[in-house]
Amino acid sequence: MSRTLPADSLQTTVTRILEAAGSSTAEAQQVAANLVLANLSGHDSHGVGMLPRYVDAVAEGGLVPNAAVKVNLDIGTLMGLDGQHGYGQIVGVQAMELGIARAKQHGSCIFTLANAHHLGRIGHFAEMATAQGLVSIHFVNVLSRPVVAPWGGGDGRFGTNPCCIGIPLAGAEPFVLDYATSRVAQGKMRVAHNKGEQVPDGYLVDERGAPTNDPGVVVVPQGNGLFGALMTFGEHKGYGMAVACELLGGALTGGGTWHRPADTARTVLNGMLTVLIDPVKLGTQKAFDAEAREFIDWLRQSPPGQGFEAVQIAGEPERQARATRRRDGVWVDDATWGEIVAAGTKVGVAVA
């Protein structure tokens, strides 16, 4: 069972719950808009289904409403920032705004962001950069119950550790590559479990390290109280990228890496290393625009493969989903909606 809701009304409901959980109206509106945009983009794993976890994390004290990014180091083109356990949709945007300003001024900027609560869809930050004509590269780690197994391993040892690259394209929408280094996002397994669906081979191992198609093994404890784990994408190659994200997003930023037994905490902390480059300052803008356009055109000339209508580039599926879902509404399964209603009850908000 499921329901389809207008994006505006869904955003209003989420805003009310976030305000009741302690956020200012402006913060609640910004976080809610970001969550709904993830749903609109087709990434339900990073959308309003995260709200119940946020409410629990606030109650735990691991998520601090109305916190702002703190500048620990600033030498112009290099900054060290701390999210102070604030909403990632807030402190992540604040960090990007600082970095974008510096990249426009100097031609580049590298910044680290530690201790941000769940940053959500990292592509949002790449879209901020490309809107200003900047290239952006992001490496992110996840401090929460480890849900991804190392290549050759049989249990969870790290998080879904996303990587994202945004590239502006002259006269066209940007290239935005945003992916988890796990075969699939943990949130997508939550959605599949709530819908009662099985997943394809190669996504999961169960609590004994054996292959399984049941997404519930990474969503709810199994009979022995243990969880299964997601696999990395691309076998050893995706595993290598996941480790790089942990070392760069976690160790280098100062936010820390995961190296302890799992717990039941609802808090999700992210660290992020971001690199921003301005092609104008680099002096290659004209050639960059022409070469990028010609390469994308070259890709699109490929005849569609079996089962495909046309060649696409990263970012297009999300933009198509936004148009469709803004028109038709946002799909929410009944289990997720029930969790949202329960989260509202926890903070005194009745959700119709």
Exercise for review: Output, in order, the C-alpha distance, side-chain angles, deciding distance and verdict of side chain to side chain donor-acceptor pair (under 3.5 Å) for Glu19 and Gln29.
Suggested key: CA-CA 9 Å; Glu19 282 186 288; Gln29 289 174 339; over 6 Å; no

Exercise for review: Test Arg183 against Thr160 for side chain to side chain donor-acceptor pair (under 3.5 Å), laying out the working first.
Suggested key: CA-CA 9 Å; Arg183 180 72 183 270; Thr160 53; over 6 Å; no

Exercise for review: Apply the test side chain to side chain contact (heavy atoms under 4.5 Å, CB included) to residues Arg53 and Met50: give CA-CA distance (whole Å), side-chain angles for both, the deciding distance (0.1 Å), then the verdict.
Suggested key: CA-CA 5 Å; Arg53 185 157 191 170; Met50 291 299 302; 4.2 Å; yes

Practice item. Quick one: do Val93 and Gln30 satisfy side chain to side chain contact (heavy atoms under 4.5 Å, CB included)? Show the steps, please. Key: CA-CA 10 Å; Val93 167; Gln30 185 171 327; 3.8 Å; yes

Review point. Taking it one step at a time, do Leu40 and His43 satisfy side chain to side chain contact (heavy atoms under 4.5 Å, CB included)?
Key: CA-CA 7 Å; Leu40 289 171; His43 295 289; over 6 Å; no

Exercise for review: Test Val184 against Val199 for side chain to side chain contact (heavy atoms under 4.5 Å, CB included), laying out the working first.
Suggested key: CA-CA 10 Å; Val184 66; Val199 300; over 6 Å; no

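Note on Leu248 and Leu81: separate hydrophobic clusters, where clusters join Ile, Leu, Val, Met, Phe, Trp and Tyr whose side-chain heavy atoms are under 4.5 Å apart, directly or indirectly. Both Val351 and Val330 are assigned to one and the same hydrophobic cluster, defined by single-linkage of ILVMFWY side chains at heavy-atom distances under 4.5 Å. In the hydrophobic clustering of this structure, Met79 groups with Val91; members are Ile, Leu, Val, Met, Phe, Trp, Tyr whose side-chain heavy atoms approach within less than 4.5 Å, directly or through other members. A chain of hydrophobic side-chain contacts below 4.5 Å, direct or via other Ile, Leu, Val, Met, Phe, Trp or Tyr residues, connects Phe175 to Ile137. No path of Ile, Leu, Val, Met, Phe, Trp and Tyr side chains, each step under 4.5 Å between heavy atoms, connects Val64 with Leu143, placing them in separate hydrophobic clusters.
Counting non-hydrogen atoms of neighbouring residues, nucleotides and ligands closer than 6.0 angstrom, the CG atom of Asp8 reaches no more than 12 such neighbours. Other residues, nucleotides and ligands contribute more than 12 heavy atoms inside 6.0 Å of the CD atom of Gln301. Within 6.0 Å of the CZ atom in Arg300, the count of heavy atoms belonging to other residues, nucleotides or ligands exceeds 12. Heavy-atom contacts from other residues, nucleotides or ligands closer than 6.0 Å to CZ of Arg322 number more than 12. For Lys70, the NZ atom counts as loosely surrounded, since its 6.0 Å shell holds 12 or fewer non-hydrogen atoms of other residues, nucleotides or ligands.
Between Tyr179 and Phe233, the ring planes are perpendicular. Angles over 60° get that label, and only those under 30° would be called parallel.
A cation-pi arrangement is absent between Arg102 and Phe111 under the rule of less than 6.0 angstrom and at most 45 degrees off the ring axis.
Looking only at side-chain heavy atoms (C-beta outward), Ile110 and Thr274 stay at 4.5 Å or farther from each other. A heavy-atom distance below 4.5 Å is found between the side chains of Pro317 and Gln312. At least one side-chain heavy atom of Ile165 sits under 4.5 Å from a side-chain heavy atom of Ile167. A 4.5 Å side-chain heavy-atom check between Asp278 and Leu282 finds every atom pair outside the cut-off. Residues Arg3 and Asp334 are in side-chain contact: their nearest non-hydrogen atoms beyond the backbone lie under 4.5 Å apart. Taking 4.5 Å as the limit, some side-chain heavy atom of Pro215 sits within range of a side-chain heavy atom of Gln198. Within the 4.5 Å cutoff, the side chain of His193 has heavy atoms near those of the Val220 side chain. Side-chain atoms of His85 and Leu269, non-hydrogen and from C-beta on, do get closer than 4.5 Å to each other.
For the atom pair CG of Leu113 and CG of Leu119, the computed distance is 6.0 Å after rounding to the nearest 0.5 Å. Note: His46 NE2 to Arg121 CZ = 9.5 Å, rounded to the nearest 0.5 Å. The CG atom of Asp328 sits 13.0 Å away from atom CG of Leu5, with the distance rounded to the nearest 0.5 Å. To the nearest 0.5 Å, atom CG of residue Leu51 and atom CG of residue Leu10 are 9.5 Å apart. Note that CG of Asn161 and CZ of Phe139 are 12.0 Å apart. Values are rounded to the nearest 0.5 Å. In this structure, CG in Leu276 is found 5.0 Å from CE in Met96, a value given to the nearest 0.5 Å.
For Ala352 against Trp337, the heavy-atom pair with the smallest separation is O-CZ2, 3.6 Å. Between Val218 and Arg145, the closest heavy-atom pair is O-NH2, 2.9 Å. Across Thr15 and Ala28, no two heavy atoms sit closer than the pair O-CB, 3.6 Å. Closest non-hydrogen pair, Phe125 versus Gly88, comes out as CZ-O, 3.9 Å. In terms of heavy-atom proximity, Ser144 sits nearest to Val268 at OG-CG2, 4.0 Å. When all heavy atoms of Pro150 and Tyr239 are compared, the closest pair comes out as CB-CE1, 3.5 Å.
A donor-acceptor pair under 3.5 Å is absent between the side-chain atoms of Thr130 and the main chain of Gly133, judged by distance alone. Here the side chain of Asn39 pairs no donor or acceptor atom with the backbone of Gly49 at under 3.5 angstrom. Distance alone, capped at 3.5 Å, is enough to place a donor-acceptor pair between the Asn66 side chain and the Gly22 backbone. Proximity of a side-chain donor or acceptor of Gln94 to a complementary backbone N or O of Val69 within less than 3.5 Å is detected. At least one donor-acceptor pair under 3.5 Å links the side chain of Asn270 to the backbone N or O of Asn141. Judged purely by atom type and a 3.5 angstrom limit, Gln320 has no side-chain atom pairing as donor or acceptor with the backbone of Gly315. Here the side chain of Thr284 pairs no donor or acceptor atom with the backbone of Val280 at under 3.5 angstrom. At distances below 3.5 Å, not a single donor-acceptor pair connects side-chain atoms of Ser302 with backbone N or O atoms of Leu299. Side-chain atoms of His138 never come within 3.5 Å of backbone atoms of Ile122 as a donor-acceptor pair (strictly under, hydrogens ignored). With Lys104 contributing its side chain and Gln132 its backbone, the two residues share a donor-acceptor pair below 3.5 Å.
Checking Lys195, Arg325, Arg190 one by one against Asp44, the salt bridge (Lys or Arg N to Asp or Glu O under 4.0 Å) holds for a single residue, Arg325.
Tyr54 and Gln89 form a side-chain donor-acceptor contact under 3.5 Å, judged by distance and modelled atom types alone. Between the side chains of Asn213 and Asp201, at least one donor N or O lies within less than 3.5 Å of an accepting N or O. Side-chain atoms of Thr336 and Asn194 form a donor-acceptor pair, as typed in the model, at a separation below 3.5 Å. No hydrogens or angles considered: a donor-acceptor pair under 3.5 Å links the side chains of Gln285 and Asp289. Between the side chains of Ser45 and Gln186, no donor-acceptor pair of N or O atoms lies under 3.5 Å.
Between Tyr87 and His118, the ring center distance fails the sub-6.0 Å criterion.
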